[in-house]
Amino acid sequence: MRFVLRRCIFYLVTAWAAVTVNFVIPRVMPGDPVQALINRYQGQLSTDAVESLYALFGLDPDASIWSQYVDYWGRLFAGDLGLSFTFFPTPVADVILQSLPWTVALVGVASVLSFAVGTLIGVMIGWRRGTWADGILPVTAFLSAVPYFWLGLIAIMLLAVTWPVFPTSGGYDGGLVPGLYPEFIGSALWHSILPAGTVVISSVAGWILGMRNMMVTVSSEDYVTVAQAKGLPERQVMFGYAARNAVLPQVSGFALSLGFIVSGTLVMEMVFSYPGVGFVLYQATGGQDYPLMQGIFLIITLAVLVANMLADVAYVLLDPRTRQEA
Amino acid sequence: MTPEPVLEIRDLAVDYGYGASPVHALRGVSLTLHKGEVLGIAGESGCGKSTLVYAATRLLPPPGVIVGGEVRFHGDDGPVDILRMTDQELRAARWQDTAIVFQGAMNSLNPVYRVGRQLTDAIAAHRPGSSRAEREERARELLTMVGIAPERIRAFPHQLSGGMRQRVMIAMAMALEPKVLILDEPTTALDVVMQRQILEQVMELRDRLGFSVVFITHDVSLLIEVADHIAIMYAGEIVEQARASEVYRQPRHPYSHGLLHSFPPLHGPRRPLAGIPGSPPDLQALPSGCPFSPRCPEAMDVCTDVHPDLGPTAAAEPGRRVACLLHTEGRTLPASLSV
Ligand SMILES: Nc1ncnc2c1ncn2[C@@H]1O[C@H](COP(=O)(O)OP(=O)(O)OP(=O)(O)O)[C@@H](O)[C@H]1O
Ligand SMILES: [Mg+2]
């Protein structure tokens, strides 16, 4: 229990630090985001509007930094992340809320799929090392060396342009209104195949290699030999003894990789103009949209933290030796 | 009455590596284990004791390959050659016929499973008809048998001490009441008191259950106490084979003589301790003739040319065999080997 408490405090402190950094950065950066917005609207904003903007963004020059900070936390708990410049006057929270499900669904499913498939293949070829199965290794080495954007572009060129089987970009058919009806869901699924497929292809190799190597290491452990000597069925030795131990580092790696779904998706969403958080971040960067960037960074940080927590929990569940400290 | 054999190893040969210069780790090893007997195998580190165990049970890890020989197990339906069994037959036979306590018994338990589960899974695999409750009961019984509280079936391996883990391994090996129990240096990582305790436990169980034991160690004095027969190994070959008491009193091979004198005797008069000069040969580039000749205090010219085979001793003592040219017709044995 003391272990759990310690971890909880650790996460709280980290979360606090992340939010605080998020608060400080735009305030020490050169330039004035409100000024930038005013310039964009080329003087079409009244003085009143400008003042309310400063207040809205929490950049009121008359308020002390401390009261700004307290204010910032207050608004954060109310779910208010300010207004986006790019999508003015949509609140940042709404922009993120619209784009986040796309990313989480697409990359989340792709990541889980990639992890499951990669780990399983890794178990197989690690167990049968020194046979034909090792022939897969050069292929995986090649796949893991290919840069994602290149893979994405090749996929678009071949499967969306040369043979136009799949759409080139977007998350759904532009003629449809988003909603939960069969036509729209079908269209969304159809649009997700290329992005998800390329994400799986580019990340599966890492899981295969990692698992294979761990399998090879664990296969020579004494307890695996004992399991063989006991005459247990091969599947039981392979999964219950070898893979069960080999998967431990793999699982924490996976939990951590979940944290990078949001940030790591940037390139994919740029290549496929996919309406997720990465694409929004890309637009926000282009438009110097500080509130939106800040909001997305906050989400990314929280995602990494949550993933770390998952990794902790998973490890404690899977490895009895870590429970010792609890 | 000649005792019945349970396990017969004939001309077993093992190489490590497949290339141009493999390591010949075992070269024509023959051994017979009889019903109810304790067979001791001794020899310096690296002489191939563990390799023998792995090869005879077909657990040899790559790059080890069995290049010849046979391993006959005398079960209830006559002898079978373990090396020629199908995978399925082998799995079915393992642990029922021959159970092993490995050298690395510290890491022999799966760290993520409870002890109970590891004790019962072999029972479940070989006795599919048994109920969960029966297996659990058996696991408790086994732990009690080796002097561990039965509640410990709920423990994870890391919660046990080294000696307890070792005893769990012995309990595990007894789970199916095997006909042969192989102990490969089961106690090297433990302190002397614990070593004795565990060994006494095994011997007690043997008296009760009547299985045969192959006991491997490089502690010859310990071996002489517990074993009925002893085989002395050197560089992948057996150089001497005899009853334990005979080896102790009258070693017939210069290597056995050296080995006995590199340990203090447990009982009886003190003898001056003398190690064996030099180190074991490189198995990839063995000396011609007798592999022990470069280190042998009694080496003759012929020893570097002719490889000695395991044969009768000079005095033709029954049940004794030795691989040394000193024992050929017309040679006189040095005093140290002829008492
Ligand atoms: N994978 C391998 N590749 C090459 N040589 C090996 C391999 N494994 C073992 N050997 C060699 O085979 C020989 C026998 O090794 P083995 O483990 O059987 O010795 P041992 O008698 O059990 O020694 P110890 O008393 O230290 O346990 C050694 O000389 C070792 O160098
Ligand atoms: Mg050994």
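Scope of the values below: all heavy atoms of this structure, side chains included, with no hydrogens, waters or symmetry mates. Quick note on labels: first sequence line is chain A, next is B, and so on, each numbered from 1. Just so it is clear, the structure is predicted and the values come from calculations on it, not from any experiment.
No side-chain heavy atom of A:Leu318 sits under 4.5 Å from any side-chain heavy atom of B:Val112. Side chains of A:Thr225 and B:Pro61 form no contact here, defined as non-hydrogen atoms less than 4.5 Å apart. Here the side chains of B:Met172 and A:Val226 are in contact, with some heavy-atom distance below 4.5 Å.
In this structure, chain A has no heavy atom under 4.5 Å from any part of B:Gln96. For B:Pro62, the part sitting under 4.5 Å from any heavy atom of chain A is the side chain, from C-beta outward, and nothing else. For A:Glu234, the parts lying under 4.5 angstrom from a heavy atom of chain B are both the backbone and the side chain.
Note: B:Pro111 leads B:Pro178, B:Pro111, B:Ala124 in heavy-atom pairs under 4.5 Å with chain A. Ranked by heavy-atom pairs under 4.5 Å with chain A, the list B:Asp121, B:Ile100, B:Leu59 is led by B:Asp121. Residue with the most contacts toward chain A among B:His126, B:Arg91, B:Arg114, B:Gln88: B:Arg91 (heavy-atom pairs, distance under 4.5 Å). Of all the listed residues (A:Ala229, A:Ser220, A:Pro233), the one sharing the greatest number of non-hydrogen pairs under 4.5 Å with chain B is A:Ala229.
The number of heavy atoms from other shown groups lying within 6.0 Å of CZ (A:Phe149) does not exceed 12. Counting heavy-atom neighbours within 6.0 Å of B:Arg84 CZ, excluding the residue itself, gives a total above 12. A:Met309 CE: 12 or fewer foreign heavy atoms inside a 6.0 Å radius. Other residues, nucleotides and ligands place more than 12 heavy atoms under 6.0 Å from the CZ atom of A:Arg7.
Note: A:Gln228 CD to B:Thr57 OG1 = 10.5 Å, rounded to the nearest 0.5 Å.
Shown here for A:Tyr241 and B:Gln118, the closest heavy-atom pair between the two residues is OH-CG, 4.0 Å. Of all heavy-atom pairs spanning A:Lys230 and B:Ala122, the tightest one is CD-CB, 3.6 Å.
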